[in-house]
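Notes follow once the structure below has been shown.
Convention: sequence-line order gives letters A, B, ...; per-chain numbering from 1.
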2 protein chains.
Amino acid sequence: MENVRDLFQIMTRRFGFLNKNCCTLGGFNITLNQSHILYEIDRQHQPSIQQIADTLGTDITTFSRQIQTMIKMNLVKKKPDTADRRIFILSLTTEGKFVATMIDEQMKMYFDEIFSHMSESDKETVLQSIQLLNKTMATSGSCCVPPQ
Amino acid sequence: MENVRDLFQIMTRRFGFLNKNCCTLGGFNITLNQSHILYEIDRQHQPSIQQIADTLGTDITTFSRQIQTMIKMNLVKKKPDTADRRIFILSLTTEGKFVATMIDEQMKMYFDEIFSHMSESDKETVLQSIQLLNKTMATSGSCCVPPQ
DNA sequence: AATATTACTTGCAAAATGCAAATAAAAGGA
DNA sequence: TCCTTTTATTTGCATTTTGCAAGTAATATT
């Protein structure tokens with residue numbers, strides 16, 4: 001058995017490549033980072049700029065500009081919160097949602113391909129393992145959150 | 001059970017944060033990217049510049065400059081290959097090796113912390129799952145390699 | 001009402017990126 | 001062998017990305 005860090009490093013690198021491939025596929029040309037932003041806006045419920053920046057561990061001033069770019073690209077919208085006018089709520093435009101969905105389907109295809117080389121019970125074990133790992137990392141204090 | 005992509009996305013994000021934390025800890029101030037470069041040079045046997053760039057999926061011209069920076073920082077050395085003088089072999093300096101080792105130990109501590117919240121048999125299952133996953137992704141054609 | 005905090009934006013200078021082109025060495029073909 | 005092609009690496013250059021410091025505007029606290 002290789003050491004633990006090696007296992008994780010290799011796995012996350014491969015997953016990173018997979019993610020990167022999905023960005024450039026199918027004509028739309030977005031960066032890996034933009035793909036992650038689309039993903040998070042799609043996932044979270046009425047997220048603010050600050051929330052997504054925190055989730056991704058990106059500096060807020062940098063993120064502010066990344067959003068400006070994506071608004072110009074017509075992938076993302078922002079509208080002021082009705083209750084607190086300092087806050088801007090992010091959402092995907094129709095085009096942004098389309099791109100996010102395309103990427104999602106592409107990722108699903110890749111995963112299906114990977115897991116097609118595994119028995120159903122192995123697949124089950126692997127997915128449950130990752131789920132357990134995520135749960136454990138979530139409870140495990142300061143180790144797996146953005147710095148500061 | 002959440003969907004597969006979500007599981008992976010969350011896991012790799014957490015692992016990314018963990019990695020990032022290790023860069024800034026303990027006084028040395030290197031970027032996440034530099035940490036990955038140290039890791040790969042340490043891991044591979046007499047790697048060339050091209051090899052590491054390929055492993056990390058980084059553009060060769062960008063990588064050439066990243067290495068120049070790390071040589072100036074006295075973390076990395078390069079020396080021409082004796083057999084093929086186009087090639088430069090990378091290695092860590094004493095200081096680079098020290099930093100790589102510190103990061104490695106820090107990562108090990110984090111992993112120990114995470115897995116301390118798990119039963120020994122769960123830990124075993126999780127690690128074997130990741131190993132299986134890596135093996136499967138390795139054989140599974142074009143899906144998990146750098147673009148082009 | 002004055003002060004502090006929070007959410008977000010902009011100025012600016014530094015760093016990182018990648019394409020095109022250059023160099024230099026090795027490999028392959030006639 | 002000479003000529004062409006390929007490979008490994010570097011540099012020029014223009015663009016993009018980054019993050020700190022400082023700003024605005026709105027809410028929260030005192």
**OP:** Starting at atom CD1 of A:Ile89, determine the distance to atom C1' of C:dC8, rounded to an integer number of angstrom.
**Re:** 13 Å

**OP:** Indicate whether the side chain of B:Thr55 and that of B:Gln44 have a donor and an acceptor atom separated by less than 3.5 Å.
**Re:** yes

**OP:** Calculate the interatomic distance between A:Phe88 atom CZ and C:dT6 atom C1'; express it in whole Å.
**Re:** 14 Å

Original post:
How many Å lie between CD1 on B:Ile30 and P on C:dA16, as a whole number?
Top reply: 13 Å

Subject >> Over all atoms of both residues, closest heavy-atom pair of A:Phe15 and B:Arg5 >> reply: CZ-O, 4.5 Å

**OP:** Please report, rounded to the nearest Å, how far the C1' atom of C:dT17 is from the CG atom of A:Leu32.
**Re:** 14 Å

**OP:** Go through the side-chain N and O atoms of A:Asn33 and A:Thr31 and say whether any donor and acceptor fall under 3.5 Å apart.
**Re:** no

Identify each atom pair where a protein N or O and an N or O of nucleotides 27-30 of chain D are less than 3.5 Å apart, giving names and distance.
unit_1 : atom_1 : unit_2  : atom_2 : d
D:dT27 : OP1    : A:Arg85 : N      : 3.3

Subject >> Of residues 34-54 of chain B, the positions that come close to DNA chain D - non-hydrogen atoms, cut-off under 4.0 Å >> reply: B:Ser48, B:Ile49, B:Gln50

**OP:** For the residue pair B:Asn19 and B:Tyr110, confirm or rule out a side-chain donor-acceptor distance under 3.5 Å.
**Re:** no

Original post:
Between residues 65-80 of chain A and DNA chain D, which residues have a heavy-atom gap below 4.0 Å?
Top reply: A:Arg65, A:Gln66

Original post:
Distance-only, no hydrogens or angles: does the B:Thr93 side chain make a donor-acceptor pair with backbone N or O of B:Leu75 under 3.5 Å?
Top reply: yes

**OP:** For B:Asn29 and B:Met73, work out which heavy atoms get closest and say how close.
**Re:** O-CE, 4.4 Å

**OP:** Look at the side-chain heavy atoms of Ile, Leu, Val, Met, Phe, Trp and Tyr, link any pair under 4.5 Å apart, and say whether A:Leu133 and B:Ile10 land in one connected group.
**Re:** no

Original post:
Within this structure, what is the CG-to-P distance between B:Asp81 and C:dA26, rounded to whole angstrom?
Top reply: 9 Å

Subject >> Nucleotide C:dT5, atom P - distance to CD1 of A:Ile87 in whole Å >> reply: 18 Å

Original post:
Would a distance-only check, ignoring hydrogens and angles, find a side-chain to backbone donor-acceptor pair under 3.5 Å from A:Ser64 to A:Ile60?
Top reply: no

Original post:
Counting only side-chain N and O atoms of A:Thr62, is one of them less than 4.0 Å from OP1 or OP2 of D:dT17?
Top reply: no

Subject >> Donor-acceptor pair under 3.5 Å, A:Thr61 side chain vs C:dC8 base >> reply: no

Subject >> Rounded interatomic separation in angstrom, taking CG from A:Asp59 and P from C:dT10 >> reply: 15 Å

Subject >> Side-chain donor or acceptor of B:Asn134 paired with backbone N/O of A:Leu7 under 3.5 Å >> reply: yes

Original post:
A:Cys22 and A:Gln106: which non-hydrogen atoms are nearest, and at how many Å?
Top reply: SG-CG, 3.5 Å

Subject >> Length of the line joining A:Asn33:CG and D:dT17:C1', which is rounded to integer Å >> reply: 10 Å

Original post:
Are the charged groups of A:Lys108 and A:Asp112 less than 4.0 angstrom apart, N to O?
Top reply: yes

